[in-house]
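One structure is given below, encoded as structure tokens.
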Amino acid sequence: FQAEDGIRDLVRSRGLGDVYKRQVNDLKRIGKTFLRKYKKQKKYLAELMAVEGTLWKQMRIFVRGLGKIPLRQLTDPELVKIYGNMFFVYHTPLSVSHIIEDTSYLSERRIKKKLFSLLKKQGMEKEFGRTLTALTQPSKPSAANLENRDFLRIIKKIHKNKKLLTTFSKKQKTTKDLLGLIRRFPEIDLMLDIHVSKYFFLQNNYFFAKPRTKKTFVISAQRFISDKGDYARLLRETSTAYAKHRRKKQEIKKMLGIRGELLLLLELSEKIMHWQDERKGRMMACVHFLNQINKEFSRRFSIPLDLLKWMTPDEVTLAKLKNPDISRLKKRAQQSVVMYGHDLKFNLVARWFTGKQAESIIKALAKKNESFEVSELRGTCASPGKAVGKARVCRTVSHLKKFQKGEVLVAPMTRPEYVPYMKLASAIVTDEGGITSHAAIVSRELGVPCVIGTKIATSVVKDGNLIEVNADHSRIRLLD
């Protein structure tokens, strides 16, 4: 399902019908198959990750070569071929790592069931939320937190240079002035260049590619320094947090006597969590390079870029680029449903539904009741804590522009481009996601209270509602 707004209304609704049920059955079937093999041979996961790693390595080699090719100098057939190859190296590793979703779906439910049963036997069921959160804390930093750590190291270097520090402390200084000044200090200039090359893609999503540049990082640095951010404290916390997580987990496992399948599932969940984060970074980098090719298509064939993105890979042919059906693409962008499958030769194919057809499918699946009202929601604790604040419902990236510091971020799910706003939130609530989801990982690292998997938060909560998020008890209350 591709529609930027429609997708979330569909996925976040309850009772999605037969299509959803078949999807869940697939998740269960594949998850059970994997777990059965993993129990017999723990290195099975490592073997899958090694295969996927080899495929991503091929992607990196291709991308390095692509970066040296002036796209404007390619012929039309050459550019179409480059696009096909780029999509292939992007899509192929996912044929291995799709196991992440299948395994997470099943293992998370088993972890919750077994942990609650264990705690209940010891009269500790009230500690379920806190215990689950502690046991699923990351043992190493995510890509977003690595970027934050490296950014703070740049800030530290600037603080050691009096001239730079004085200049960065003045909000009235232009970015152009700051970039010019930094060039006079090769060590810091090189650090920034390396930072951009490592993390330029982190705020991309599956539809928009908005690469971060040296300029955007300099603006962030100026804001941090002029606001007197405490880089030293943040660096200390970052350097010690993961060791604390590991110690805490070991203490809990020993205290509760966790062993057998529950121990195996917890260890597997942690590996899957980090694998998922690594995959997301690779995918967002690929999105950047696919977008570069799409921009060149847009320039050559006079197709608006945002409409071009509504063509599926099998439609990106020279004939269709020269004679695009703009009206059809506009209908897809307005509201659409797309169903993917494979032909007899296992080529990826898609069938689109637009207009009234799409509307009827969405209604039939979602079964949405506009009058549905509740005063309390339940989900899963992803990061402990309590907060009270005004809600800001952000179903799409465009809604984030209205977000204010201290508000409660309510979203279908979060993605890398949400991170700057997650840092400003007093709490985070999502419709979707499990203990290895993006919202769960990032909220734990930020120390922001977070409840995930509420199913209906974006349907029930409205902008401006005063809500109480009690993540310790996985509960959200509407106060007005």
Side-chain angles (χ1 to χ4, degrees), residues 2-4 52 54-97 143 196-216 278-333 336 338 340 342 346-350 352 397 415-417:
Q2 296 289 309
E4 179 70 1
E52 191 230 24
T54 299
L55 294 171
W56 282 122
K57 186 177 180 180
Q58 293 173 1
M59 180 275 291
R60 287 195 297 272
I61 293 170
F62 180 84
V63 165
R64 274 199 293 269
L66 181 63
K68 298 175 182 177
I69 299 173
L71 297 180
R72 289 196 173 205
Q73 294 180 18
L74 295 176
T75 64
D76 291 347
E78 287 172 339
L79 188 63
V80 170
K81 185 177 180 180
I82 284 285
Y83 174 87
N85 291 339
M86 181 67 224
F87 180 76
F88 178 81
V89 299
Y90 166 66
H91 185 263
T92 304
L94 304 181
S95 65
V96 179
S97 60
V196 173
S197 68
K198 288 174 68 176
Y199 303 115
F200 69 91
F201 53 83
L202 275 185
Q203 290 184 23
N204 287 351
N205 64 32
Y206 299 109
F207 194 80
F208 296 103
K210 295 182 178 179
R212 301 186 73 187
T213 63
K214 196 171 187 176
K215 180 180 178 180
T216 59
E278 291 168 4
R279 183 187 66 171
K280 178 64 71 69
R282 292 162 176 166
M283 291 171 74
M284 293 304 101
C286 281
V287 166
H288 168 77
F289 293 105
L290 282 167
N291 197 61
Q292 295 300 103
I293 300 171
N294 280 332
K295 282 183 178 179
E296 181 59 18
F297 281 146
S298 177
R299 186 192 70 81
R300 289 190 189 196
F301 302 107
S302 301
I303 307 172
L305 181 60
D306 283 349
L307 289 182
L308 184 65
K309 292 176 182 179
W310 291 94
M311 295 176 72
T312 52
D314 58 297
E315 294 176 324
V316 182
T317 64
L318 193 53
K320 290 186 177 181
L321 287 168
K322 286 183 175 180
N323 297 287
D325 190 335
I326 297 297
S327 175
R328 178 178 293 181
L329 295 178
K330 285 182 177 179
K331 288 179 181 178
R332 291 179 182 180
S336 58
V338 58
Y340 280 98
H342 293 88
F346 290 96
N347 296 310
L348 187 67
V349 293
W352 287 91
V397 179
R415 299 186 295 269
E417 67 273 22

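- In this structure, CE in Met283 is found 14.0 Å from CD in Glu278, a value given to the nearest 0.5 Å.
- Within the model, atoms CZ of Phe88 and CE of Met59 stand 13.5 Å from one another, a figure rounded to the nearest 0.5 Å.
- Under a 3.5 Å cut-off, the side chain of Thr216 and the backbone N or O of Thr213 do form a donor-acceptor pair.
- Lys198 pairs by the salt bridge (Lys or Arg N to Asp or Glu O under 4.0 Å) definition with Asp150, not counting sequence neighbours.
- The aromatic ring centroids of Trp310 and Phe207 lie less than 6.0 Å from each other.
- The shortest non-hydrogen separation linking Ser298 to Leu305 is OG-N, 3.5 Å.
- The environment of CZ in Arg300 is crowded: more than 12 heavy-atom neighbours from other residues, nucleotides or ligands sit within 6.0 Å.
- Between Pro93 and Trp56 the shortest heavy-atom distance is CB-CE2, 3.5 Å.
- Using cut-offs of 30° and 60° for the angle between ring planes, the Phe297 and Phe301 rings count as tilted.
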Stepwise side chain to side chain contact (heavy atoms under 4.5 Å, CB included) check, Leu71 with Leu66: CA-CA 9 Å; Leu71 297 180; Leu66 181 63; 4.0 Å; yes
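- Nearest approach of Pro304 to Ser302, heavy atoms of both residues: CD-O, 3.9 Å.
- Closest approach of Ala143 to Leu202, counting heavy atoms only: O-CD1, 3.8 Å.
- To the nearest 0.5 Å, the span separating CZ on Phe208 from CD on Gln203 amounts to 14.0 Å.
- Atoms CD1 and NE2, from Ile293 and His288 in turn, are 10.5 Å apart once rounded to the nearest 0.5 Å.
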Verdict with supporting geometry, Lys295 and Leu308, side chain to side chain contact (heavy atoms under 4.5 Å, CB included): CA-CA 9 Å; Lys295 282 183 178 179; Leu308 184 65; over 6 Å; no
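- Nearest heavy-atom pair across Val80 and Val316 is CG1-O, 3.7 Å.
- For Pro313 against Tyr83, the heavy-atom pair with the smallest separation is CA-OH, 4.0 Å.
- Residues in residues 80-89 take part in no salt bridge (charged side-chain N to carboxylate O under 4.0 Å, His left out) pair, two or more places apart or across chains.
- Taken to the nearest 0.5 Å, the CG atom of Asn204 stands 11.5 Å off from the NZ atom of Lys280.
- We find the CG-CD distance between Asn294 and Glu296 to be 10.5 Å, quoted to the nearest 0.5 Å.
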Test side chain to side chain contact (heavy atoms under 4.5 Å, CB included) applied to Val287 and Phe201, step by step: CA-CA 8 Å; Val287 166; Phe201 53 83; over 6 Å; no
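- Here Arg212 pairs with nothing under the salt bridge (Lys or Arg N to Asp or Glu O under 4.0 Å) rule; sequence neighbours left out.
- Arg282 and Glu52 are joined by a salt bridge, as a carboxylate oxygen and a charged side-chain nitrogen come within less than 4.0 angstrom of each other.
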Audit row: Asp325, Lys320, side chain to side chain contact (heavy atoms under 4.5 Å, CB included) steps and yes/no: CA-CA 8 Å; Asp325 190 335; Lys320 290 186 177 181; over 6 Å; no
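- With Gln292 contributing its side chain and Phe289 its backbone, the two residues share no donor-acceptor pair below 3.5 Å.
- Environment of NZ in Lys331: sparse, with no more than 12 heavy atoms of neighbouring residues, nucleotides or ligands closer than 6.0 Å.
- The existence of a salt bridge linking Arg332 and Glu315 is confirmed by a sub-4.0 Å separation between a basic side-chain nitrogen and an acidic carboxylate oxygen.
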